[in-house]
Each structure stands twice: as C-alpha cells, then as structure tokens.
Q: 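This structure is in structure tokens; I'll ask about it shortly.
Every number for a ligand or one of its atoms is a count from 1 in the order of the listing.
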Amino acid sequence: MIIIVNAVSGAEKERKFSDLVHWIESQGLKTHISRGDFTTIIGVVGDTMKLDPDQIRSFDIVRDVKRVSEPFKEANRKFHPKDSVIEIAGGKVKVGHGNFAMIAGPCSVETEEQIIGIAKSVKAAGANMLRGGAFKPRTSPYSFQGLGAEGIKLLLEAKKETGLPLVTEIMDIKYLPLFEEVDVIQVGARNMQNFELLKELGRTNKPILLKRGLANTITELLMSAEYIMSGGNENIILCERGIRTFETATRNTLDLSAVPVVHELSHLPIIVDPSHSTGTAKYVKPMSLAAAACGADGLIIEVHNDPPHALCDGAQSLRPEEFADVARSVQIMRAAAQEVNAGAETPLA
Ligand code: PEP
Ligand code: MN
C-alpha cells in the first residue's frame, strides 16, 4: 500500500506525519518514506489488508491511498518514485540516475599477473570497477571451478594496485567472511532464486549485483531483489544477462526490453551483460551500444589478455584493446542518447 501525503513542512505537519507513521507501525507494519518536493510517499509493507484506506484518508495530511497490486513492494517505483543511486566503495563509484557502471575483467581470476595486468588495462580504458570470478558456477564439475579464497586474495591485490572497486560472485553464504573487502557481491544467474542466500545478503549492507536467472521473468527478478530488500539491504543493482529461448545463434537471448521495463517498474538501477548474453566477442560491441542507447545504467563486460587460452569463457572475452574501443564507443552513444532524450517530449530511456 502507498499513502500519498501532501509535502510535509512545518512543525505541525511534521508532528501529524510522524503520528501517522507511528500509528501504522504500531500495527506491526513496516514503513518506507520517500520525500519529494510536492508529495511524500509512505510505502507500507506487511499484511496491509488489516488497514482501512478510508480510515487513513481521514488523516487530514493524507492526499490519497492506493493498494500496490505488484507482489514486489520495496523494489517498486510506486514506493520510491526517484531512481535509486547505489554507492560503492564509500561513494567512490555511483550507479543509477545517470551514473554509469563500467565493470570489466576476466570471467575467472587465474593468476596474479593475469588479474593485475587486466585490471590496469581496463582501468586505463575507462572501467570504473573490476570483475573477476573466484568461485565459478560451471555447468560441468570437471571444468575449472575458480581459485576460491586464493582468487579473492588476488582480486584484493589488483584493487590495491589500481584502486578499482571489486565485483565478484558468491556461491554459498558460508564464504561471506571472505567478501569483507569485496565492494559488490554478485549473485549469479543460477543463484537468483537461492532464497536462503538472498535472505542472508539482505542482512548485510554490501551492494549486491543481482543477475537475472536463465529462465526467470522480470517480475521474478524483482521478487528476488525484494528478498534482499526486505532484510534491510537496499543496495541492489539488477543485471540483464540474457535468457534461454529457442534461439541457438547466441549463447542466450539478450532481453534488452528488460531495461525500460525495469525502469518503469522499479527505482533500482539495471545494467547489461553483453558477454554472457551473446557468448561471442564480436557481438559484445553492438549489444553494449544498444544497451547504452536504451538507458542501461551500466555494463559488465568480460575482458581477457589472452582469450584463446582463458580458463573460462574465452570465446566471449574481449582483448583489452577491443574493450577500450567498446568503452569509447559507449561514451559516444551515451552522449547521443542524452541528446535525444533532451529533445524528446517523453524520455526514450
Ligand atoms: C559471471 O558473471 O561470471 C557469470 C557466471 O554470469 P551468469 O551468472 O550471468 O551466468
Ligand atoms: Mn563468464
């Protein structure tokens, strides 16, 4: 349920406002307050069926009361009309509302030399975060599973060398202590509905990169975000990384329409992974540009110094110089999209 309150200002109004909030909370419900220039919105979560909208309307500061039909509440834009901006590494990097994430790095951390070399080159090309898997969710148990704790250690070395905040995937909550100095914890596609993992991450305050599952709807993605948010952690960046369809020409089918759909439904930022969605290095640039054009809040791109010999996902990995070209082109596309939006009656993205 959302309660729309006339803009609150002045001691009398503030008192009435906090009386209303306390009254709602006294019934065992949680409130979420979003202050705007003209209205303030109180999002109410819990068993709101016990609230009578007419009774709430009788508070004189209340303009309107609406039930939210979508199953996701805290992730819903109706609860929080302004875009959320996720702050990473103490605000060193921001994502959302015009702040663009350019995350790059190898699929897997392999050696110290590899990760530090790639970190330096992607930083020079304009990346603002470093990715690299230490724990790898592989289809085959015989494939390289990642370096585990040693991989996280090497990522921290690369962070020390370059200052780039780190994004790396967690596969099991038992490894959480290893992620203390990791800046963004990734929940991979295969774990999008690992609800126990999501609940535990909800109890942390770490930014979470939540990837869409291979066969999950946008509503299910937002419900997974809701699991994390309902535990108290609102620092979530969503990621469209392609879904399974009947098409086999690409590794997955990149559902770029998820970007405007999520922007309409939710205040959370959404970035795009053109590497896992296409599975092929040469398709990464066109899809990166398309993502920037449709308003994505960032990209996560796999980059390897020696793709043919990568231990994981070499076919979709860009060489550092190819990434530099993509990063430059994305800047141009973002500027063009901004120009189009500035001249449009309704923003295109
Ligand atoms: C990854 O980012 O390394 C990864 C495994 O991605 P996904 O979970 O989207 O397959
Ligand atoms: Mn990969």
Side-chain angles (χ1 to χ4, degrees), residues 101-110 114-115 118 122 127 129-141 143-148 151-152 154-155 165-172 175 179 182-194 197-198 201 207-216 218 220-221 224-225 236-245 250-256 258-259 262 270-281 283-284 287-288 291 296 298-319 323:
M102 187 50 118
I103 307 167
C107 181
S108 314
V109 181
E110 297 172 7
Q114 175 242 19
I115 190 67
I118 296 173
V122 298
M129 283 186 261
L130 175 68
R131 66 150 288 148
F135 295 93
K136 294 304 304 174
R138 303 303 301 277
T139 301
S140 165
S143 302
F144 175 58
Q145 301 287 306
L147 297 180
I152 304 257
L154 298 181
L155 281 166
L166 301 176
V167 181
T168 192
E169 177 167 355
I170 194 164
M171 299 239 299
D172 192 304
Y175 297 121
F179 286 68
V182 167
D183 302 283
V184 179
I185 301 180
Q186 175 174 321
V187 174
R190 290 153 190 84
N191 267 318
M192 190 202 89
Q193 287 190 314
N194 181 340
L197 178 63
L198 300 177
L201 293 173
I208 308 294
L209 177 63
L210 178 64
K211 297 186 94 175
R212 180 176 179 183
L214 279 70
N216 286 110
I218 293 169
E220 286 164 344
L221 172 64
S224 290
I236 301 171
I237 302 165
L238 303 169
C239 179
E240 167 57 44
R241 48 79 70 209
I243 49 174
R244 265 223 178 138
T245 67
T250 48
R251 184 176 178 185
N252 290 284
T253 298
L254 178 53
D255 177 15
L256 269 188
V259 173
V262 163
I270 176 163
I271 69 167
V272 168
D273 178 343
S275 307
H276 291 90
S277 50
T278 64
T280 304
Y283 302 144
V284 168
M287 298 326 286
S288 298
L299 289 161
I300 179 165
I301 298 179
E302 287 192 342
V303 179
H304 198 280
N305 52 315
D306 183 11
H309 295 105
L311 294 182
C312 184
D313 286 348
Q316 68 196 33
S317 298
L318 300 184
R319 295 172 195 278
F323 171 70

Q: Find the distance between CD1 (I170) and CD (Q186) and round it off to the nearest 0.5 Å.
A: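 Reported to 0.5 Å precision, the distance equals 11.0 Å.
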
Q: Answer yes when R131 and E302 have at least one side-chain N-carboxylate O distance shorter than 4.0 Å, and no when they do not.
A: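 Yes, R131 and E302 are salt-bridged.
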
Q: With distance as the sole test, does Q114 use its side chain to make a donor-acceptor pair with the main-chain N or O of S108 at under 3.5 Å?
A: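 Present.
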
Q: Under 4.0 Å from any heavy atom of R131, which atoms of ligand 1 are there?
A: 1 (C), 2 (O), 3 (O)

Q: What atoms of ligand 1 come within less than 4.0 Å of a heavy atom belonging to R190?
A: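 Under 4.0 Å from R190, ligand 1 has these atoms: 7 (P), 8 (O), 10 (O).
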
Q: Does ligand 1 come near enough to E169 that some N or O of the ligand is less than 3.5 Å from an N or O of the residue?
A: no

Q: Donor-acceptor pair, distance only, cut-off 3.5 Å: does the side chain of Q316 make one with the backbone of G314?
A: no

Q: Considering non-hydrogen atoms of the protein only, which is the closest contact for atom 4 (C) of ligand 1, and what is the distance?
A: H276 NE2, 3.5 Å

Q: The Mn ion (ligand 2): which protein N, O or S atoms are under 2.8 Å away?
A: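 For the Mn ion (ligand 2), the protein N, O and S atoms that sit under 2.8 Å away are C107 SG, H276 NE2, E302 OE2, D313 OD2.
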
Q: If you count the non-hydrogen atoms of other residues, nucleotides and ligands that lie under 6.0 Å from OH in Y175, is the total more than 12?
A: no

Q: Can you list the ligand 1 atoms lying under 4.0 Å from a non-hydrogen atom of G188?
A: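 In order of number, 8 (O).
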
Q: Do you see a donor-acceptor pair shorter than 3.5 Å between the side chains of D313 and H276?
A: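 Note: D313 and H276 side chains meet the donor-acceptor criterion.
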
Q: Are P106 and I115 side-chain neighbours, meaning at least one heavy-atom pair lies under 4.5 Å?
A: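 Yes, at least one pair of side-chain atoms sits under 4.5 Å.
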
Q: Looking only at distances, please establish whether an N/O atom of ligand 1 is found under 3.5 Å from an N/O atom of D273.
A: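 There is no such contact.
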
Q: Heavy atoms only: give me the nearest M129-A101 pair and the separation to one decimal.
A: CE-CB, 3.9 Å

Q: Determine whether L155 and V182 make a side-chain contact, defined as any pair of heavy atoms from C-beta on separated by less than 4.5 Å.
A: no

Q: Measure from the side-chain N and O atoms of E240 to the backbone N and O of G242, and report whether any donor-acceptor pair falls under 3.5 Å.
A: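 The answer is yes, because a donor-acceptor pair under 3.5 Å joins these two groups.
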
Q: Do side-chain atoms of S317 reach the backbone of P307 as a donor and acceptor pair under 3.5 angstrom?
A: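 Pair absent, no side-chain N/O of S317 close to backbone of P307.
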
Q: What protein heavy atom is closest to atom 6 (O) of ligand 1, reported as residue, atom name and distance in Å?
A: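 The closest one turns out to be K211 NZ, 2.9 Å.
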
Q: What do you reckon, does R212 put a non-hydrogen atom under 4.0 Å from ligand 1?
A: no

Q: Could you list which atoms of ligand 1 come closer than 4.0 Å to a heavy atom of R241?
A: 7 (P), 9 (O), 10 (O)

Q: Among all the protein's non-hydrogen atoms, which is closest to atom 8 (O) of ligand 1, and how far away is it?
A: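 The closest heavy atom on the protein side is A189 N, 2.7 Å.
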
